[in-house]
> 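Would you mind keeping the following structure in view while I ask a few things?
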Amino acid sequence: INAEYMGNQTDDFKTEMSDFLKTSQPQVEKLQTEIEETVNSINKLCQYFGEDPNGFDDMLFFTNLLAFCKSFEVQNKEYLEAVERKERRRKSCKPEDQELSPTSPLDNTTFSSE
């Protein structure tokens, strides 16, 4: 009885695993394709930025990119707020004062090429 029971368990296991493999194989293939596409994209990214793909730290790169984007958003928001304040001040000035106001959106902001 014990050998017959073990034989049935083995057959059940084979059946279950066979069904699992049939249903999971397309998912595994899709994941493998997505991994290959990701690796290719990262290699193109390395090439674009002149980085060595072998020493490329993708986590560090994307962390730095995210920090840059957040900083850019903050700076852009501050700039737009300064432009808006300047415009409100300009509109609240007397007409004769407007002729003397700087044309830059920021108060006396100049940029030099030095």
Side-chain angles (χ1 to χ4, degrees):
I1 293 179
N2 205 6
E4 184 179 317
Y5 176 73
M6 291 300 291
N8 287 339
Q9 276 190 326
T10 302
D11 290 342
D12 290 344
F13 179 77
K14 286 180 182 179
T15 302
E16 290 295 319
M17 290 309 295
S18 177
D19 291 343
F20 170 75
L21 287 174
K22 286 177 187 174
T23 58
S24 65
Q25 187 63 30
Q27 294 172 340
V28 169
E29 288 173 1
K30 181 181 176 200
L31 287 173
Q32 287 174 333
T33 300
E34 289 175 355
I35 289 170
E36 289 173 11
E37 289 172 357
T38 302
V39 168
N40 287 336
S41 293
I42 288 177
N43 286 336
K44 288 178 184 178
L45 185 69
C46 289
Q47 184 180 7
Y48 180 80
F49 285 104
E51 296 287 333
D52 177 16
N54 297 323
F56 186 71
D57 185 346
D58 54 343
M59 290 300 292
L60 179 62
F61 174 81
F62 288 112
T63 300
N64 289 339
L65 182 61
L66 179 63
F68 171 80
C69 289
K70 286 181 178 181
S71 178
F72 183 84
E73 286 177 10
V74 168
Q75 295 302 312
N76 189 48
K77 181 180 176 186
E78 290 176 4
Y79 171 76
L80 293 175
E81 288 171 353
V83 168
E84 188 177 314
R85 282 192 307 272
K86 176 69 176 170
E87 185 64 22
R88 281 194 306 259
R89 279 195 305 263
R90 188 187 65 77
K91 287 181 180 180
S92 69
C93 290
K94 298 176 191 173
E96 62 271 6
D97 292 340
Q98 289 181 7
E99 294 175 18
L100 300 175
S101 66
T103 58
S104 170
L106 300 175
D107 288 335
N108 299 322
T109 302
T110 58
F111 297 96
S112 66
S113 60
E114 296 176 25

> Are side-chain heavy atoms of Phe62 and Leu66 found at a separation under 4.5 Å?
no
> Working to the nearest 0.5 angstrom, can you tell me the gap between Phe72 CZ and Lys77 NZ?
14.5 Å
> In sequence, state the C-alpha distance, the side-chain angles, and the governing distance for Leu65 and Phe61, and then conclude on side-chain contact (heavy atoms from CB on, under 4.5 Å).
CA-CA 6 Å; Leu65 182 61; Phe61 174 81; 4.2 Å; yes
> Scan for salt bridge (Lys or Arg N to Asp or Glu O under 4.0 Å) pairs involving residues 56-71, sequence neighbours excluded, and state none if there are none.
none
> Scan residues 18-35 for pairs that pass salt bridge (Lys or Arg N to Asp or Glu O under 4.0 Å), counting only residues two or more places apart or in two chains.
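Residue pairs passing salt bridge (Lys or Arg N to Asp or Glu O under 4.0 Å), neighbours aside: Lys30-Glu34.
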> For Met59, is there any backbone N or O sitting under 3.5 Å from a side-chain donor or acceptor partner on Thr63?
yes
> Taking only residues two or more places apart in sequence, or in another chain, which ones meet Tyr48 in a side-chain contact (heavy atoms from CB on, under 4.5 Å)?
none
> Working to the nearest 0.5 angstrom, can you tell me the gap between Asn54 CG and Asn43 CG?
8.5 Å
> Closer than 4.0 angstrom, basic N to acidic O: yes or no for Glu84 and Arg88?
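Arg88 and Glu84: salt-bridged.
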> Report the distance from atom CD of Glu87 to atom CZ of Arg85, rounding to the nearest 0.5 Å.
13.0 Å
> Please round to the nearest 0.5 Å and tell me the distance separating atom CG of Asn76 and atom SG of Cys69.
12.0 Å
> Check Cys46 against Pro53 and note the closest heavy-atom contact, atom names and distance.
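Minimum heavy-atom separation between Cys46 and Pro53: SG-CA, 3.8 Å.
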> Is it possible for you to say whether Phe13 and Phe20 belong to one hydrophobic cluster, with membership spreading through side-chain heavy-atom contacts below 4.5 Å?
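Phe13 clusters together with Phe20.
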> Nearest 0.5 Å, what's the CG-CD distance between Leu31 and Glu36?
11.5 Å
> Between Phe56 and Phe49, is there a shared hydrophobic cluster once you connect ILVMFWY residues whose side-chain heavy atoms come closer than 4.5 Å?
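In one cluster: yes.
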> Is there side-chain contact between Arg90 and Lys86, with at least one heavy-atom pair below 4.5 Å?
no
